[in-house]
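Reading through the structure tokens given below for one structure.
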Amino acid sequence: MKQYLSDLFIKTAEKLTYLKDIDYVFSVPNQKSHGDYSINAAMILSKKLKRNPREIANEIIENLECDKSVIEKIEIAGPGFINFYFSPNYIPSIIKEILTKKENFGRSQKYYGKKAMVEFISANPTGPLTVGHGRNAVVGDTVANLLEWIGYEVDREYYFNNAGRQMRVLGDSVRLRYLEQLENKIDFPEDYYQGEYIKEIANKLIAEHGDKLIKDDAEGIFKQTAEKEIFADIIKTMNEIGIKMKNFYNEHTLYEDGRITWLLEEFKKKNLSYEKENAIWLKLTELGNEQDKVIVKQTGEPTYRLPDIAYHITKFERGYDLMIDLFGSDHNAAYPDVLAGLRALGYDSDKVNVLIHQFVTIMQKGEVVKMSTRKANYITLDELVDEVGADVVRYFFNMRSISSHLNFDLELAKKQSDENPVFYLQYAHARIASILRMVKEQGLDPSLEHLELLTKQVEQDLLKKFFEFPNEVLLSAENYEVHRIAIYLEELASLFHRFYTECRIIGSEKNLAEARIALCIAAQTTLRNGLSILGVSAPDRM
RNA sequence: GCCCCGGUAGCUCAGUGGAUAGAGCAGCGGUUUCCUAAACCGUUGGUCGGAGGUUCAACUCCUCUCCGGGGCACCA
């Protein structure tokens, strides 16, 4: 419907040239009495043309060449809205489109031929993924899905660092636990990794090597084993919630390739860096940021900024048209430095889109659980998935705007009842599957021959909702707003339940019954497609 | 001191500068001899944190301010 109107206005703009280059908006009015679609063009033009908006609206309507069989009525309302009422005979045509496109209904080719990379999770292998990482993981994967739905070829990538201080501390934490298990007296520093998993890794080393490692240092087998075990655990968790990375990018590669040295030289050559207090600084103030930052420490080790910039350069070299970085809000001060560095080297930093999601607050028995990886006071993503299931985890993390804090109530999520919106959606899908099984036994088949019989209000409301889906996918993808899909699906499911409460199939006149079966299939397809974007399963039975 | 995010119904949250601000849950009252009641219907509930400003029109944009969260590393 929107597409039809939008084409209509583009055509009309050839006659009424003032319709060109203005940002009019088509919207579905809040109230049914305001039609199916509404446009605000006349009000926007009012100031520009210094004319009465209702007068302009009239002129626009006179010049619209619309098909009577598609648009039944056009009205001017309020301060100058133009309201369109679509013909009840046109509206069911969407069913044909859905039944033809099936699992592709909602996809578009708008960005066909473009390549995108979504970098997410990117947690260093110092411990299991926590609930905090869960939001990043789920949203990142869903954003990648959305981009695929609008035509992008998408790569998912995980960037990690297995060198540096944190990893040394990790290795030493394992070493100390190893010694402790062998009944040596140790002093375990407070800022070391406190988690149980460290002891498990130490035990594993004892099982394999006995006490032969007593003289080994932290950096060797202790660190290596820790990294290997932890990564295996992370990947297992990712698999459980359906995430498959295309690539794991090790920061260390950037050193081996000589990219770090090269980058340092580039900054020096371009006079963008300087030495002070035995460290090398990047002139970020000259690039428009607040303060200069260190890129090489006194120790000679680069800070994260240098490899981060080098890493993004590899993304540019790999030919991505769009690069998404997804971080938690604790990183929100880091990315402007990286982008400024890229700009200074001539890269188009507009192609890099940094998404920041706010924190997850876990509520347990009415209390906020404070979490810290190092203190081991956290709930792992694995535990969460075990308790509530992958579908609930995926849905909960997807259902809120990423800029809002997410309140994850463990008791509620565990409840597997109607308080959980994910069950509402899955039930709608399962209910349709059940209906379809039933009507088949009755010898009824879907038919597109008499869709014009779908004239009841609830039927028309559901049909109109189908029209919105492709546009909803497009808007969600272009704005990286995963929660819009969840909201849309809840509205869609609600409309289906209302339809089915009022309209029965078995017992209705045959042509009507078969048209309604087609309507059910269309609803099921749309629900399933939406759920697949979110990575939530669509069960046939519950 | 500075930067980012939030503040909307009892709770959790939606809300492209548009018409009378919505949903879910909770509360209250109903609906099933009938293809899934994990459903549906009705109803209660609002100073959109506050103050200015821009606009034909502000929950939405701008300024100031209060409250909460996250940052401002030679950690990532």
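Just so we're on the same page: letters track the sequence lines, and every chain starts at 1. Values in this document were obtained by computation on a predicted structure and should not be read as measured data.
Comparing B:G7 with B:G49, their P atoms are spaced 7 Å from each other, to the whole Å. Here the separation of B:A21 from B:U47, taken at their P atoms, is 13 Å to the nearest Å. For the C1' atoms, the distance linking B:C13 with B:A51 amounts to 27 Å, nearest Å. Using P as the reference atom, B:C72 and B:A57 are 43 Å apart when rounded to the nearest Å.
Residue order along RNA chain B, read from the 5' end via each residue's closest nucleotide, puts A:V28 first among A:A77 and A:V28. Nearer the 5' end of RNA chain B, as judged by each residue's closest nucleotide, is the contact made by A:F423, out of A:F423 and A:G328.
B:G17: no Watson-Crick or G-U partner with both key distances under 3.5 Å is found in any strand. Pair check for B:U47 finds none; no Watson-Crick or G-U wobble contact set falls under 3.5 Å. Summarising the base pairing, B:A26 is matched to no nucleotide, lacking a Watson-Crick or G-U wobble pair whose two defining distances lie under 3.5 Å. Base pairing of B:G1: its partner is B:C72, meeting the Watson-Crick or G-U wobble criterion (both donor-acceptor distances under 3.5 Å). Summarising the base pairing, B:A58 is matched to no nucleotide, lacking a Watson-Crick or G-U wobble pair whose two defining distances lie under 3.5 Å. Nucleotide B:A39 has B:U31 as its partner under the Watson-Crick or G-U criteria, with both atom distances under 3.5 Å.
Comparing B:U16, B:A19, B:G6 against the side chain of A:S404 picks out B:G6 as the nearest. Among B:A14, B:A19, B:C41, the nucleotide with an atom closest to any side-chain atom of A:R498 is B:C41. Counting only heavy atoms from C-beta on, A:H34 has its side chain closest to B:A19 among B:U16, B:C40, B:A19. With B:C5, B:U16, B:A38 as the choices, the nucleotide that has an atom nearest any side-chain atom of A:H405 turns out to be B:C5. Which of B:A14, B:C13, B:C40 sits closest to the side chain of A:S401 comes down to B:A14.
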Provide a list of protein-nucleic acid N or O atom pairs under 3.5 angstrom, restricted to nucleotides 56-62 of chain B.
none

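We find that A:R156 and A:E119 are not joined by a salt bridge, their nearest charged nitrogen and carboxylate oxygen being 4.0 Å or further apart.
Between the side chain of A:S122 and the backbone N or O of A:Y159 there is at least one donor-acceptor pair closer than 3.5 Å.
Using a 4.0 Å heavy-atom cutoff across all strands shown, A:F408 reaches no nucleic acid atom at all. A:R484 comes within contact range of no nucleotide atom at all, as no heavy-atom separation falls under 4.0 Å. Within 4.0 Å of A:S46, counting heavy atoms only, lies no atom of the nucleic acid at all. Across all strands, A:C503 comes closer than 4.0 Å to base atoms (heavy-atom distances).
Here A:F81 packs flat against the base of B:A19; its ring centre is closer than 5.5 angstrom to the base's six-membered ring, tilted by less than 30 degrees.
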Summary of protein contacts for nucleotides 71-76 of chain B, nucleotide by nucleotide, where a base hit scores B, a sugar-phosphate-only hit scores S (4.0 Å, heavy atoms): SS-BBB
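Ring-centre distance between A:Y488 and A:F469: below the 6.0 Å cut-off.
Scanning both residues, A:S38 and A:N83, for their nearest heavy atoms gives OG-OD1, 3.0 Å.
Taking only distance into account, the side chain of A:N40 never meets the base of B:A19 through a donor-acceptor pair shorter than 3.5 Å.
Annotation: cation-pi pair A:K2/A:F26 absent, no NZ/CZ under 6.0 Å from the ring centroid and within 45° of its normal.
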